[in-house]
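To start, the structure under review is shown below, and the notes come after it.
Counting starts at 1 for both ligands and their atoms, in listed order.
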Amino acid sequence: MKAAYLDEYGGPEVLKYGNVPDPVAGANEVVVDIHAASVNAADWKVRSGSYPPTAAFPYILGRDFSGIVSAVGDDVADLVVGDAVFGVCDVGQEGAYAEKIAIKAAIIAKKPVQLSHIDSAALALAGLTAVVSIEDTLKLRAGEVILIQGGAGGVASFAVQLAKHVGARVITTASAANHDFLMSLGADEIIDYNAQDFSKVVADCDAVFDTVGGDVVERSFAVLKPGGRAAFIASGGEAPPSLRDDVQSLRPQVGRDRHHLERIVELVEAGAVQVPEITLFPLSEAVAAHKVSESRHLRGKLVFEVR
Ligand SMILES: NC(=O)c1ccc[n+]([C@@H]2O[C@H](COP(=O)([O-])OP(=O)(O)OC[C@H]3O[C@@H](n4cnc5c(N)ncnc54)[C@H](OP(=O)(O)O)[C@@H]3O)[C@@H](O)[C@H]2O)c1
């Protein structure tokens, strides 16, 4: 099998091709022929060494995908060869920038017919993270006010729509170029973070969802009302220490399971959440896609069309 991977020094200029063995479906696994895979911020962080060191090379990045089941392992009763599926790699597993992947059947879901592989790959990890953050972690309720940091990104643009669907009032931050886009997703108030300090113009929020990190974390605590809760996904695996003893600091635990993928499908099918704006790349352009992702100013999702 031909799989794209970046050179072992994380150098962004060199894309090599290597031969790696075709994956085999173990017990409870299926092999998926990948049609599309998305780029997530984690990918350039892994590549650049910000995450724990990679044990062996060649190393194939990529956390989510959509494709067709091409082999079924023992004890898989609910998927057959030919099923169109999408999903997110198990925690600790990567390898979706490829033509094939072996993955636990229980953590992937059937792709709805009305969504393309490209759309489904774009929705997988971003949608999963947004659903776990907004519904499971923050437990956002109708009538509450939420500040979503970095509204134009893949996770946050899903979260803005989900929060509106829940019935919350949504305030979000974005550069001016993304304000019309966020208005079209239903945001009630959009703050240009280049022109205004959000912590000076927002107060008394029930919840904050931070997808930006850095100094945004500290300032986010200031906008919460007593009893408020904040969830952080861009500041490592642990919740940052709360700067106030009357608010909660939370780190969404983004596990992998079919149920949450089906929730994404349900939200899209109900019209609550739109498929994100997508920029397509061939897999051979992984370097170019990483440059865009690493710039941290993309809108929506970057997706590889694999076949
Ligand atoms: N399971 C998980 O825990 C999980 C899953 C997915 C992602 N993440 C993390 O979540 C973060 C977001 O990922 P993502 O892929 O959705 O988006 P991303 O690519 O990291 O972020 C892009 C967006 O961030 C916005 N942005 C950058 N700086 C900003 C600032 N200071 N204030 C407000 N917005 C700002 C940009 O909008 P403008 O162009 O308008 O600046 C752009 O739309 C990443 O750190 C990623 O690693 C965690």
Side-chain angles (χ1 to χ4, degrees), residues 38-48 50-51 61-64 88-94 96 107 121-134 136-137 147-162 171-183 185 187 189-199 201-202 208-220 223 231-240 250-257 260-261 264 276-279 289-303:
S38 103
V39 178
N40 290 285
D43 302 348
W44 65 259
K45 295 179 186 177
V46 172
R47 192 212 72 231
S48 63
S50 313
Y51 281 8
L61 295 165
R63 296 190 171 191
D64 55 2
V88 180
C89 295
D90 207 357
V91 174
Q93 178 193 14
E94 298 194 311
I107 62 169
L123 284 162
L125 181 56
L128 177 66
T129 306
V131 167
V132 169
S133 300
I134 298 293
D136 302 358
T137 307
L147 171 62
I148 298 181
Q149 305 283 14
V155 177
S157 57
F158 193 113
V160 165
Q161 298 173 83
L162 178 52
I171 308 169
T172 190
T173 55
S175 57
N178 286 323
H179 286 206
D180 286 349
F181 167 67
L182 282 160
M183 209 108 69
L185 299 185
E189 187 179 337
I190 307 160
I191 296 163
D192 177 358
Y193 66 88
N194 293 306
Q196 281 185 305
D197 176 349
F198 68 84
S199 64
V201 292
V202 180
V208 172
F209 179 37
D210 176 31
T211 72
V212 175
D215 71 334
V216 167
V217 173
E218 247 177 54
R219 288 184 289 136
S220 288
V223 307
F232 300 90
I233 61 160
S235 319
E238 304 291 327
L250 304 161
R251 203 321 171 176
Q253 296 305 309
V254 186
R256 277 56 162 149
D257 59 54
H260 282 90
L261 296 174
I264 295 170
E277 198 171 304
I278 291 170
T279 309
H290 270 222
K291 283 181 176 163
V292 177
S293 179
E294 205 164 351
S295 77
R296 295 213 59 196
H297 291 291
L298 67 138
R299 191 152 81 190
K301 290 288 296 180
L302 311 174
V303 176

Main chain of [Y], side chain of [X]: is a donor-acceptor contact present, judged purely on distance under 3.5 Å?
X	Y	result
Asp197	Ser199	yes
Arg296	Val212	yes
Arg251	Gly236	yes
Arg63	Leu61	no

Closest approach of Gly150 and Thr211, non-hydrogen atoms and distance?
O-OG1, 3.8 Å

Polar proximity ligand 1 side, [X] side, N/O cut 3.5 Å exclusive:
X	value
Ala174	no
Asn40	no
Arg299	no
His297	yes
Val212	no
Ser293	no
Gly153	yes
Gly154	yes

Heavy-atom contacts under 4.0 Å between Leu298 and ligand 1: side chain, backbone, both, or neither?
both

Using a strict cut-off of 4.0 Å, indicate which atoms of ligand 1 neighbour a heavy atom of [X].
X	value
Ala152	43 (O)
Ala41	20 (O), 44 (C), 46 (C), 47 (O)
Val155	6 (C), 7 (C), 16 (O)
Asn178	37 (O), 38 (P), 39 (O), 40 (O)

Determine, stepwise, if the pair Thr279 / Val292 fulfils side chain to side chain contact (heavy atoms under 4.5 Å, CB included).
CA-CA 10 Å; Thr279 309; Val292 177; over 6 Å; no

Nearest neighbour of [atom] from the list [options], on a heavy-atom basis:
atom	options	result
atom 38 (P) of ligand 1	Ser175, Gly213, Gly236	Ser175
atom 27 (C) of ligand 1	Gln149, Arg296, Lys45, Arg251	Arg296
atom 1 (N) of ligand 1	Val91, Thr173, Val254, Val46	Val254
atom 9 (C) of ligand 1	Thr211, Ile233, Leu302	Ile233

Close side-chain approach of [X] to [Y], heavy-atom, < 4.5 Å:
X	Y	result
Ile190	Asn178	no
Ser293	Asp43	no
Glu294	Arg47	yes

Does atom CD (Glu277) have a neighbourhood of more than 12 heavy atoms from anything else shown, all under 6.0 Å?
yes

For [atom], closest protein heavy-atom neighbour:
atom	value
atom 32 (N) of ligand 1	Tyr193 CD2, 3.3 Å
atom 5 (C) of ligand 1	Thr129 OG1, 3.1 Å
atom 34 (N) of ligand 1	Gly150 CA, 3.1 Å

Got a second to check how far His260's NE2 is from Thr129's OG1, nearest 0.5 Å?
10.5 Å

I'd like to know whether Phe158 forms a side chain to side chain contact (heavy atoms under 4.5 Å, CB included) with Val131, so could you lay out the CA-CA distance, the side-chain angles of the two residues, the decisive distance to 0.1 Å, and finally the verdict.
CA-CA 8 Å; Phe158 193 113; Val131 167; 4.0 Å; yes

